[in-house]
Amino acid sequence: MKVAIISDLHIGYERFYDDAYEQAREALLEASKVADIILLPGDVFDKRAPKPEVIAQALGIFRELGSMQWKAKVEWLRGQGRAYTSAPIVAISGTHERTAAGKENPLGLLALAGLVVDASESQVLVSKGDEKVVVYGLGGLSEERVVEKLKELNPQPVEGAFNIFMLHQSIYEILPFDESFMHYDDLPKGFDLYVCGHIHSRVKATVNGKLFLIPGSTVLTQLKEGEQERKGFILFDTEKYSYEFVEIESRPFIVKRLKFDNATIKDVRSACDNAIRECVESSKKKPIVKLYLEGTFELGGAGELGLRALIAKHANDAILEMDTSALKEPEMERSIEGIRENSIDSVGIKDIGMQLLRNRLKELGFRENINVGELFEILSDQKTSKKDKIIENALKFLEDGQ
Ligand SMILES: [Mn+2]
């Protein structure tokens, strides 16, 4: 069978017009023309409580998919997930959809509406004629819980089928900056293919002798240099054990590094101006341009750099991001600070927040095995009432420690 892997749609991400919606729609509709099964490894939505307009966008796309004639059918689901449709559109919840235990998340609503199959912590069998594909899904979990949860679930492949393990998690070998991330070694053995979401750029690796694939997000969110690659989805052929990457029309993202050596303000401005113009001319659609300014410049008599004016000047033909942290001039550092703050993405903020919380608990000497993810959800959502004993102790600990 042909399996499309489409990840991190982030429907409802607001920063770049309707890109998240338009690119999600294009990826899903293109995939429906060429694939027997669509796999969605998490972050279909950008937020755990999307606005009605955003839910409507998602319902619109998935209704369109659901009304198509699918040759492959979902036969059964084992586990706590939900399968109220036989259409082979199989999803798991991601970190952006995560809610406190026992609470509904927006992906669950799509499953309840019979538009996707929610395979979080479940196993789903899809068949087409004699061919069988089994997907074991693990929804996005907090980093400290995932290894333990995997041991508890003990996922096993099904004999006589092509077995896919789908997750939404940070992996230490890909992001080697946090020791709490799971390792490739923690993944269950015996599966034919591993697919993962969460990481927004493409990854191909080998795990347990089999392919481990991440298609990356269908929309730009983090403005990292690695995200300049074209967006799209993976189309995997289970018979040939090979895949291709299918590109979609996505907004261009171009990163340029401009180096200066005692340049005048005029030089800096015109170099930026030229770089932006080049990017605009080479793009079909209004591009997102990120300029890194590096080196040294002199203030002279011309006042500050005026990068805000530059952004305003190009407002109609480019979305500009400037990073001046490597350009030596204190006054401009100040004037640009506000612009840089805008570039911190909500994914980043959540990760940073959890890391701070984890470090603070460690510093204070909190010894119990805490679910930092859940604690973070509670602290960032006052309405959550569920608190277990350890969480309550941790909250007390944090309060007393200050
Ligand atoms: Mn994501």
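Values below: every heavy atom of this structure, side chains too, minus hydrogens, waters and symmetry copies. Ligands are counted one by one from 1 in listed order, and the atoms in each one are counted from 1 as well.
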Considering only N, O or S atoms, which atom of [X] is nearest to the Mn ion (ligand 1)?
| X | value |
| --- | --- |
| D43 | OD2 |
| H10 | NE2 |
| D8 | OD2 |

| request: Take L213 and Y194 through the test side-chain contact (heavy atoms from CB on, under 4.5 Å) and record every step on the way to the result. | output: CA-CA 6 Å; L213 300 174; Y194 299 85; over 6 Å; no

Throw together a table of side-chain donor-acceptor distances under 3.5 angstrom for residues 182-193, partners on residues two or more places apart or in other chains.
from	atom 1	to	atom 2	distance (Å)
H183	ND1	E173	OE2	3.2
D186	OD2	H183	N	2.7
D192	OD2	N163	N	2.7

| query | Has H168 got an N, O or S atom lying less than 2.8 Å from the Mn ion (ligand 1)? | reply | no

| said: Let's go through I199 and S201 carefully: what are the C-alpha distance in whole Å and the side-chain angles of both, what is the deciding distance for side-chain contact (heavy atoms from CB on, under 4.5 Å) to 0.1 Å, and is it a yes or a no? | reply: CA-CA 6 Å; I199 292 162; S201 43; 4.2 Å; yes

| If you look only at pairs with a residue in residues 126-140, which of them pass as a side chain to side chain donor-acceptor pair (under 3.5 Å), with sequence neighbours excluded? | D36-K128, E75-S127

